[in-house]
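This report concerns only the one structure given below.
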Amino acid sequence: MITLRGKSVFGGIARGTLVFYRRDEVRISKLKVNDYSREWKRYCKAKEHAIEELEQLRIQAADEVGEDDAQIFYIHGLILEDSQYENLIADHILRQKCNAEYAVAVAGRTMAKLMRDSDSEYIRERQSDVKDVSDRLLRHLQNRANTEFKLDGISIVCADDLMPSETVMLDKSKVAAFCTRGGSTNSHTAILARTMNIPALIGMGDSLIDEYEGRYAIVDGYSGVIYIEPDDMTVRLMQQKEEEEGRKRELLLRLRGRKNVTRDGREFQVYANIGSLSDLRSAIDNDAGGIGLFRSEFMYLQRDDFPDEEELFYNYRRVIEEMKGKRVVIRTLDIGADKNVDYFELDKETNPALGIRAIRLCLKRQDIFRTQLRALLRASAYGDLAILIPMIIDVDEVYRVKNILNRVKDELIDKGIPIGENVELGVMIETPASVMLSDLLAKEVDFFSIGTNDLEQYTLAIDRQNPHYESIVPPNHLAVLRMIKVVCDNAHAHGKKVCICGEMGADLSMTEIFLDMHVDSLSVAPPQILPLRKMIRSLNLSDRRQIHQNIQKTLHY
C-alpha cells in the first residue's frame, strides 16, 4: 500500500481507478512570414471559432453545474477580446511578421507571467485561464480536433491541475474524486469538486507520479490522504469512516426545521456566509436561518469589467427571493488588499492590506459605490435586506455612508422605484479602531458584524496570508476575545445586536463562550451550520459554575 497526502478541498470517501489527465504536447516554432495580413486573418478566424465554441461550453456547463460556475467560459471569451492580450498577438504578427501560432503562444506566456507576478492571489490563480484560452486558439489555428478524454469506469482523475474547459468535458458520472499536484482552494478543480460534492485533494506535488496510472485507490477527503492499492485493514477502516460520517450527517439533517435553542431555553440564530448564487443551494439545504454575510465583491472578482446596476440588482434579488423572507445581510464591496482587480486601476501600494480598500475605496470612487447601493436598495423591496459596511475605523465614515445612501434613496423614490421600508445598516468590526469606538458606532448603526479574520490580523500585526501564521499566532488569542466582549457590551448597552461572521464563529470549542458573551448570532460556511446548531442545542447556559470556569480559563477573568 502507498499512502500520499494532499490538502483536502472537499470531504468524503471515494474509490476508483487512478487515471491521469494528459494533454497533447504541441511544438510551436517561430516562423517569419511575408504575407502577414494572411496570418492576421488566420488568427481572426481562429478567434471567431473559439468564441463560438466557448458559448457552447457555457451552455453545457450551465446545465451541469449551474449558471454561476458556467460564467468562467464567458470570462474566457472576455480574455479573447482583451485589448492587452490581442495587442501582444498583433505586435508579433503585424510588426515582427511572425506566424500566428507563435504570436498566440508568446502572448499567452507573457500574460500568464504578468498574472503570476501580481500581488493579488486571485489574479495569480487565473493564469490557467489564459493558458486555456491560448491552447484553444492554437488548436483552431492548427485545425486539430478537440480530443475527448474518456473515462472507462469510476475514476480518480489526477493531473497537474485541470482547466475549466477540461473539467466541464469530463463524464461526471464516472468521476469519483480529483487529485492534483498543484492547485489551490480557489482553483477551478476545487470549485468544481465543491459544486459536484465529490472529494478532492490538491497540492500533492511530485509524490503523485504517472506510474500510479491504472491502480485502484481510496481517497479520504476528510483527512487529505489517498491510499493506493490499500490493504484489507485500510479498506475496512475507510468503510467504517464512511458509515460513521453518513450517520453523523443523517443525525444532523434531523435538526432542519428545529429552533437553535439551548437546553435552558435561550435561542440563537445561525446564518450562512456565501460568496455567490452558487452557494445558495448549500445554505438552504443546511437550513440556514438566513444569510449573515454575502461577500458581494466576488461578483467583481470573477470578471474583467464592472458589473452594471441591472446585473447587481438581479443577483441581489435572487438571493433575497431564494431565502423566502429570511434575513439577508449583503456586505458592500470589499475590494483591495488580497482582492485586487486590474480594471479598478488601483494604485500599487507597498502594503495593500493597510491601504485603500473596502469602504475607503468606495468613498473615494463614489460612482462605483452608488451603483451598488442603488442595486441593493432596489432589491430590498423583495425581502428582508440589511446592508453591511466593511473596514469602518471612524464614525465620520458612517456619516458619509449614510449621506450617500440617503441621497440614493431619495433619487429612487423620486423616480417611483420601490425600495424596502426598513433596510438596516450595519458595520463590520474588524479593526482595533472600530472596537475602541464601538460605543459611538452603536449610536449610528443598527447592528454589528465582527469579522474575526481581519480583526486577528490587525490586532496581532501579522498578515493572515502569511504561511507562518498558525505557528506564530495561538488560536483564539486572548486580546481578540476580549475585544469581542467589549463590542458585545457596547452594542447591547445601546440595544444593538452582534453577529460573528469570521472563521472563529465556526470553532465549536468557542460556541459556549460566545453565547455567554451574549453574541446574538453566528454566521458560518454552509457545511458548518448543522454541527454548530447541534452544539448550541447541547449547551446549558444556566449552569453558571461550569460556564464561569470555562470563561475564566479562556479569558483569564
Side-chain angles (χ1 to χ4, degrees), residues 1-23 25 116 121 124-125 127-128 131-132 149-164 166-246 248-249 465-471 525 527:
M1 180 176 75
I2 301 168
T3 302
L4 306 178
R5 294 188 176 275
K7 182 177 182 180
S8 175
V9 293
F10 195 82
I13 306 295
R15 303 167 182 80
T17 303
L18 294 174
V19 178
F20 282 74
Y21 191 98
R22 295 183 178 86
R23 303 175 181 91
E25 292 296 327
R116 192 162 55 247
E121 182 182 358
R124 290 196 299 273
E125 290 170 357
Q127 59 185 294
S128 63
K131 186 179 187 309
D132 200 346
F149 180 70
K150 291 187 177 181
L151 300 172
D152 295 328
I154 302 301
S155 305
I156 297 168
V157 178
C158 305
D160 289 331
D161 197 7
L162 287 164
M163 298 179 187
E166 293 168 340
T167 51
V168 79
M169 298 299 291
L170 293 172
D171 182 351
K172 310 304 183 302
S173 66
K174 296 179 180 177
V175 178
F178 290 120
C179 292
T180 63
R181 298 183 182 101
S184 71
T185 54
N186 291 321
S187 68
H188 295 298
T189 306
I191 293 168
L192 186 70
R194 289 191 286 265
T195 304
M196 294 170 61
N197 293 323
I198 65 170
L201 307 183
I202 62 171
M204 300 189 69
D206 295 336
S207 66
L208 189 64
I209 57 176
D210 291 2
E211 283 75 3
Y212 297 144
E213 173 88 35
R215 299 192 189 187
Y216 175 75
I218 298 178
V219 171
D220 180 355
Y222 298 109
S223 303
V225 179
I226 179 170
Y227 301 98
I228 301 172
E229 297 178 339
D231 55 31
D232 291 342
M233 180 179 290
T234 301
V235 171
R236 286 195 300 272
L237 287 173
M238 289 299 101
Q239 185 173 351
Q240 291 171 7
K241 192 169 190 176
E242 188 173 36
E243 291 171 355
E244 182 183 348
E245 293 296 335
K248 287 180 183 178
R249 181 65 184 168
Q465 308 293 332
N466 191 304
H468 304 292
Y469 188 96
E470 284 80 8
S471 63

- Shortest non-hydrogen contact from Arg15 to Glu242? NH2-OE1, 2.8 Å

- Do you know the tightest heavy-atom contact between Val219 and Pro199? CG1-CB, 4.1 Å

- What's the shortest heavy-atom distance between Ala159 and Tyr21, and which atoms? CB-CB, 4.0 Å

- Of all heavy-atom pairs between Asp206 and Ile209, which one has the smallest distance, and what is that distance? O-CG2, 3.2 Å

- Query: How long is the span from the NZ atom in Lys174 to the CG atom in Asp152, to the nearest 0.5 Å?
  - Reply: 6.5 Å

- All side-chain contact (heavy atoms from CB on, under 4.5 Å) counterparts of Asp210, not counting sequence neighbours: Phe20, Arg22, Arg181

- Verdict with supporting geometry, Lys7 and Leu201, side-chain contact (heavy atoms from CB on, under 4.5 Å): CA-CA 5 Å; Lys7 182 177 182 180; Leu201 307 183; over 6 Å; no

- Message: For the CG atom of Leu18 and the OH atom of Tyr216, what is their distance to the nearest 0.5 Å?
- Response: 10.5 Å

- Message: I need the minimum non-hydrogen distance between Ala176 and Ile154, along with the two atoms involved.
- Response: CB-CG2, 3.7 Å

- Item | Close side-chain approach of Val157 and Leu151, heavy atoms under 4.5 Å | yes

- Query: When rounded to the nearest 0.5 angstrom, what distance separates CD1 in Ile156 from CG in Leu208?
  - Reply: 10.5 Å

Which pairs would a plain distance check flag for residues 222-231, meaning a side-chain donor or acceptor within less than 3.5 Å of a matching protein atom at least two apart in sequence or in another chain?
| unit_1 | atom_1 | unit_2 | atom_2 | d |
| --- | --- | --- | --- | --- |
| Ser223 | OG | Asp220 | OD2 | 3.1 |
| Ser223 | OG | Lys241 | NZ | 2.7 |
| Asp231 | OD1 | Met233 | N | 3.4 |
| Asp231 | OD1 | Thr234 | N | 2.8 |
| Asp231 | OD1 | Thr234 | OG1 | 2.7 |

- Non-hydrogen atoms of Ser155 and Gly153 that approach each other most closely: OG-O, 2.7 Å

